[in-house]
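Everything below concerns the one structure shown next.
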Amino acid sequence: LTIAFSLFLILPAQADLGVNIGISANTAVWHGEGTENENGEKETRDATGAAGYESFFIEKTLGSRFALGYDFAPDPFGSDTENSTIFDLDGKADGAGGFVENKVQVNFEDLTTFYATFNINENVYIKAGLVDVDVISNESLATGSTYKNTSLDGETYGIGYNADFGNTMFIRFEGTYLDLGSASVTASNTDNKVDIKVEGASAKLAIGKTF
(Lines give C-alpha, C1' and ligand atoms only; values in the text may rest on other atoms or scores of the structure.)
Protein backbone atom coordinates (compact mmCIF):
# COMPACT_ATOMS: atom_id res chain seq x y z
CA LEU A 1 0.00 0.00 0.00
CA THR A 2 2.83 2.39 0.89
CA ILE A 3 4.64 1.78 -2.42
CA ALA A 4 1.42 2.15 -4.42
CA PHE A 5 0.46 5.37 -2.66
CA SER A 6 3.98 6.77 -3.12
CA LEU A 7 3.65 6.24 -6.86
CA PHE A 8 0.44 8.26 -6.87
CA LEU A 9 2.20 11.09 -5.05
CA ILE A 10 4.86 11.45 -7.73
CA LEU A 11 2.59 10.99 -10.74
CA PRO A 12 1.33 14.17 -12.42
CA ALA A 13 -2.22 15.10 -11.53
CA GLN A 14 -4.91 14.28 -14.08
CA ALA A 15 -7.46 17.02 -14.50
CA ASP A 16 -11.12 16.49 -13.70
CA LEU A 17 -11.15 12.72 -13.24
CA GLY A 18 -12.99 13.16 -9.97
CA VAL A 19 -11.20 10.26 -8.26
CA ASN A 20 -9.83 10.32 -4.70
CA ILE A 21 -7.49 7.65 -3.37
CA GLY A 22 -5.91 7.44 0.08
CA ILE A 23 -4.84 5.50 3.15
CA SER A 24 -6.15 5.75 6.71
CA ALA A 25 -5.07 5.09 10.28
CA ASN A 26 -8.05 3.99 12.39
CA THR A 27 -8.64 3.61 16.11
CA ALA A 28 -11.84 1.85 17.15
CA VAL A 29 -13.65 0.66 20.25
CA TRP A 30 -15.69 -2.51 19.67
CA HIS A 31 -18.41 -4.12 21.74
CA GLY A 32 -19.41 -7.72 21.09
CA GLU A 33 -22.11 -9.93 22.57
CA GLY A 34 -22.50 -13.68 22.29
CA THR A 35 -25.40 -15.89 23.37
CA GLU A 36 -24.98 -19.67 23.58
CA ASN A 37 -28.06 -21.87 23.38
CA GLU A 38 -27.33 -25.38 24.63
CA ASN A 39 -30.38 -27.63 24.77
CA GLY A 40 -32.62 -24.67 25.54
CA GLU A 41 -30.33 -23.22 28.22
CA LYS A 42 -29.04 -19.79 27.26
CA GLU A 43 -25.98 -17.93 28.51
CA THR A 44 -24.96 -14.46 27.32
CA ARG A 45 -21.57 -12.80 27.61
CA ASP A 46 -20.22 -9.53 26.26
CA ALA A 47 -16.86 -7.82 25.95
CA THR A 48 -15.43 -4.46 24.92
CA GLY A 49 -12.00 -3.79 23.45
CA ALA A 50 -9.99 -1.26 21.43
CA ALA A 51 -7.99 -1.83 18.25
CA GLY A 52 -5.92 0.13 15.77
CA TYR A 53 -5.78 -0.80 12.09
CA GLU A 54 -5.01 0.52 8.62
CA SER A 55 -7.28 0.79 5.59
CA PHE A 56 -7.23 2.20 2.09
CA PHE A 57 -10.02 3.82 0.09
CA ILE A 58 -10.97 4.99 -3.37
CA GLU A 59 -13.80 7.39 -4.24
CA LYS A 60 -15.57 8.81 -7.27
CA THR A 61 -16.97 12.30 -6.85
CA LEU A 62 -20.36 13.15 -8.34
CA GLY A 63 -20.56 16.87 -8.78
CA SER A 64 -19.39 19.15 -5.98
CA ARG A 65 -21.27 17.55 -3.06
CA PHE A 66 -21.59 13.77 -3.50
CA ALA A 67 -19.09 10.92 -3.66
CA LEU A 68 -19.28 7.13 -3.73
CA GLY A 69 -16.46 5.16 -2.13
CA TYR A 70 -14.93 1.82 -1.22
CA ASP A 71 -12.85 1.28 1.94
CA PHE A 72 -10.97 -1.93 2.80
CA ALA A 73 -9.20 -2.99 6.03
CA PRO A 74 -7.60 -6.45 5.76
CA ASP A 75 -7.06 -7.06 9.49
CA PRO A 76 -9.18 -4.74 11.64
CA PHE A 77 -9.30 -6.58 14.99
CA GLY A 78 -9.45 -9.88 16.88
CA SER A 79 -10.37 -11.17 20.31
CA ASP A 80 -8.13 -12.43 23.07
CA THR A 81 -8.00 -16.18 23.64
CA GLU A 82 -10.59 -17.26 26.20
CA ASN A 83 -9.55 -20.27 28.30
CA SER A 84 -11.90 -22.23 30.54
CA THR A 85 -11.36 -25.41 32.54
CA ILE A 86 -14.47 -27.36 33.55
CA PHE A 87 -15.25 -30.71 35.14
CA ASP A 88 -16.82 -33.02 32.56
CA LEU A 89 -18.58 -36.19 33.71
CA ASP A 90 -17.47 -37.85 30.45
CA GLY A 91 -14.08 -36.20 30.40
CA LYS A 92 -12.07 -39.45 30.23
CA ALA A 93 -12.14 -42.38 27.85
CA ASP A 94 -13.19 -44.84 30.58
CA GLY A 95 -16.29 -42.81 31.29
CA ALA A 96 -14.98 -41.32 34.52
CA GLY A 97 -15.22 -37.61 35.07
CA GLY A 98 -12.28 -35.30 34.58
CA PHE A 99 -11.22 -31.72 34.00
CA VAL A 100 -11.16 -30.55 30.38
CA GLU A 101 -9.95 -27.29 28.81
CA ASN A 102 -11.66 -25.21 26.16
CA LYS A 103 -10.01 -22.41 24.17
CA VAL A 104 -11.83 -19.94 21.94
CA GLN A 105 -10.48 -17.05 19.85
CA VAL A 106 -12.06 -15.06 17.00
CA ASN A 107 -10.47 -12.93 14.28
CA PHE A 108 -12.30 -10.35 12.19
CA GLU A 109 -10.85 -9.96 8.70
CA ASP A 110 -11.48 -8.10 5.43
CA LEU A 111 -13.63 -5.26 6.75
CA THR A 112 -15.22 -3.84 3.60
CA THR A 113 -17.27 -0.66 3.39
CA PHE A 114 -19.23 0.75 0.46
CA TYR A 115 -20.30 4.30 1.28
CA ALA A 116 -21.63 7.63 0.09
CA THR A 117 -20.65 11.07 1.35
CA PHE A 118 -22.42 14.41 1.15
CA ASN A 119 -20.60 17.71 1.64
CA ILE A 120 -22.46 19.98 4.02
CA ASN A 121 -20.06 22.81 3.23
CA GLU A 122 -16.55 23.22 1.85
CA ASN A 123 -14.93 21.15 4.60
CA VAL A 124 -17.56 19.18 6.57
CA TYR A 125 -19.23 16.06 5.21
CA ILE A 126 -21.56 13.31 6.40
CA LYS A 127 -21.20 9.65 5.49
CA ALA A 128 -23.37 6.51 5.34
CA GLY A 129 -22.62 3.05 4.07
CA LEU A 130 -22.85 -0.74 4.21
CA VAL A 131 -20.18 -2.85 5.92
CA ASP A 132 -19.16 -6.52 5.71
CA VAL A 133 -16.55 -8.42 7.73
CA ASP A 134 -15.43 -12.06 7.83
CA VAL A 135 -15.52 -13.81 11.22
CA ILE A 136 -12.80 -16.47 11.59
CA SER A 137 -13.44 -18.87 14.49
CA ASN A 138 -10.42 -20.50 16.16
CA GLU A 139 -11.35 -22.93 18.91
CA SER A 140 -10.04 -26.02 20.67
CA LEU A 141 -12.93 -27.67 22.49
CA ALA A 142 -12.90 -30.78 24.65
CA THR A 143 -15.87 -32.15 22.70
CA GLY A 144 -13.90 -31.96 19.45
CA SER A 145 -16.61 -29.72 18.07
CA THR A 146 -15.86 -26.80 15.74
CA TYR A 147 -17.74 -23.75 14.53
CA LYS A 148 -17.74 -22.67 10.89
CA ASN A 149 -16.48 -19.26 9.85
CA THR A 150 -19.17 -16.74 9.02
CA SER A 151 -19.60 -13.07 8.14
CA LEU A 152 -21.36 -10.04 9.55
CA ASP A 153 -23.22 -7.44 7.49
CA GLY A 154 -24.30 -4.09 8.81
CA GLU A 155 -24.17 -0.33 8.34
CA THR A 156 -22.13 2.71 9.26
CA TYR A 157 -22.76 6.42 9.77
CA GLY A 158 -20.30 9.23 10.35
CA ILE A 159 -19.19 12.81 10.04
CA GLY A 160 -15.84 14.15 8.90
CA TYR A 161 -13.68 17.16 8.15
CA ASN A 162 -11.74 17.44 4.87
CA ALA A 163 -8.94 19.97 4.25
CA ASP A 164 -7.04 20.40 0.98
CA PHE A 165 -3.35 21.24 0.79
CA GLY A 166 -0.98 21.58 -2.11
CA ASN A 167 -2.59 21.23 -5.50
CA THR A 168 -4.17 17.78 -5.24
CA MET A 169 -3.63 16.49 -1.68
CA PHE A 170 -6.11 16.32 1.19
CA ILE A 171 -6.24 15.27 4.82
CA ARG A 172 -9.32 14.08 6.73
CA PHE A 173 -10.49 13.55 10.27
CA GLU A 174 -13.54 11.33 10.62
CA GLY A 175 -15.69 9.76 13.32
CA THR A 176 -18.04 6.87 12.56
CA TYR A 177 -20.44 4.47 14.23
CA LEU A 178 -20.46 0.90 12.90
CA ASP A 179 -23.16 -1.69 13.47
CA LEU A 180 -21.69 -4.90 12.04
CA GLY A 181 -24.94 -6.79 12.47
CA SER A 182 -25.39 -10.33 13.80
CA ALA A 183 -24.90 -13.96 12.81
CA SER A 184 -25.59 -17.46 14.15
CA VAL A 185 -23.23 -20.45 14.12
CA THR A 186 -23.88 -24.05 15.20
CA ALA A 187 -21.33 -26.51 16.56
CA SER A 188 -20.29 -29.32 14.21
CA ASN A 189 -21.19 -32.29 16.42
CA THR A 190 -23.55 -30.87 19.05
CA ASP A 191 -26.73 -28.80 19.10
CA ASN A 192 -24.96 -25.80 20.61
CA LYS A 193 -25.86 -22.59 18.81
CA VAL A 194 -24.10 -19.26 19.27
CA ASP A 195 -25.56 -15.90 18.23
CA ILE A 196 -23.09 -13.01 17.94
CA LYS A 197 -23.42 -9.30 17.27
CA VAL A 198 -20.80 -6.55 17.13
CA GLU A 199 -20.90 -2.76 17.08
CA GLY A 200 -18.31 -0.03 17.54
CA ALA A 201 -17.14 3.53 17.04
CA SER A 202 -14.00 4.59 15.20
CA ALA A 203 -11.84 7.65 14.67
CA LYS A 204 -9.93 7.97 11.40
CA LEU A 205 -7.03 10.06 10.15
CA ALA A 206 -6.65 9.83 6.37
CA ILE A 207 -4.40 11.32 3.72
CA GLY A 208 -5.10 11.15 0.02
CA LYS A 209 -4.68 12.51 -3.46
CA THR A 210 -7.22 13.77 -5.98
CA PHE A 211 -7.00 12.93 -9.68
Any side-chain heavy-atom pair of Lys148 and Val185 under 4.5 Å: no

For Tyr157, the other hydrophobic cluster members (4.5 Å side-chain criterion, sorted by chain and number) are Tyr177

So salt bridge (Lys or Arg N to Asp or Glu O under 4.0 Å) across residues 104-127, not counting sequence neighbours, yields Lys127-Glu174

Residue set satisfying side chain to side chain contact (heavy atoms under 4.5 Å, CB included) with Lys42, at least two apart, ordered chain then number -> Thr35, Asn37

Of all heavy-atom pairs linking Tyr161 and Tyr125, the shortest is N-CE2, 3.6 Å

When every non-hydrogen atom of Ile207 is compared with those of Phe165, the smallest separation belongs to CD1-CZ, 4.1 Å

By side chain to side chain donor-acceptor pair (under 3.5 Å), Asn192 pairs with (sequence neighbours left out) Glu36

Determine whether a donor-acceptor pair (N or O, by modelled atom type, separation under 3.5 Å) exists between the side chain of Asn162 and the backbone of Asn123.
no

Those residues at least two apart in sequence (or on a different chain) that pass side chain to side chain contact (heavy atoms under 4.5 Å, CB included) with Thr186 are Lys193

List, one per line, each side-chain donor-acceptor pair under 3.5 Å for residues 18-29, sequence neighbours excluded.
residue : atom : partner : partner atom : Å
Asn20   : OD1  : Thr210  : OG1          : 2.9
Asn20   : ND2  : Glu59   : OE1          : 3.1
Asn26   : ND2  : Tyr53   : O            : 3.3
Asn26   : ND2  : Ser55   : OG           : 3.2

Between Val124 and Ile159, is any pair of side-chain heavy atoms under 4.5 Å apart? yes

Quick one: does Leu130's side chain get under 4.5 Å of Asp153's, heavy atoms only? no

Are Leu17 and Ile58 linked, directly or through intermediate hydrophobic residues, by side-chain heavy-atom contacts shorter than 4.5 Å (ILVMFWY only)? yes

Would you say Asn138 and Ile136 make side-chain contact, with heavy atoms under 4.5 Å? yes

For Ser182, the side chain to side chain contact (heavy atoms under 4.5 Å, CB included) test, sequence neighbours excluded, returns Lys197

The side chain to side chain donor-acceptor pair (under 3.5 Å) partners of Glu33 (sequence neighbours excluded) come to none

Asn149 meets the side chain to side chain donor-acceptor pair (under 3.5 Å) criterion, sequence neighbours left out, with none

In terms of heavy-atom contacts, Val131 and Asp179 come closest through CG2-O, 4.0 Å

Value for OG1 (Thr156) from CD (Glu199), rounded to nearest 0.5 Å, stands at 12.0 Å

Taken in chain and number order and not counting sequence neighbours, the residues that satisfy ring pair (Phe, Tyr, Trp, His ring centres under 6.0 Å) with Phe72 are Phe56

Item to complete: Using a cut-off of 6.0 Å, state whether more than 12 heavy atoms not belonging to Asp46 lie near its atom CG.
Response: yes

Task: Val135 and Ile196, any side-chain heavy atoms less than 4.5 Å apart - done: yes

**Request:** Return yes if some donor-acceptor pair links the side-chain N/O of Arg65 with the main-chain N/O of Asn119 below 3.5 Å, else return no.
**Result:** yes

| query | Should Thr44 and Asp195 be marked as a side-chain contact (heavy atoms from CB on, under 4.5 Å) after you check the CA-CA gap, both sets of side-chain angles, and the distance that decides it? | reply | CA-CA 9 Å; Thr44 299; Asp195 299 314; over 6 Å; no

Separation between CG (Leu152) and CG (Asp134), nearest 0.5 Å, reads 9.0 Å

For this session: Evaluate the side-chain proximity of Leu62 to Leu68: yes if any heavy-atom separation is below 4.5 Å, no if none is.
Result: yes

Residues 101-121 vs ring pair (Phe, Tyr, Trp, His ring centres under 6.0 Å), sequence neighbours excluded, gives Phe66-Phe118, Tyr70-Phe114, Phe77-Phe108

Taking every heavy atom of Asp71 against every heavy atom of Lys204, the minimum-distance pair comes out as OD2-NZ, 3.2 Å

Sorted by chain and number, sequence neighbours left out, side chain to side chain donor-acceptor pair (under 3.5 Å) with Thr117 holds for none

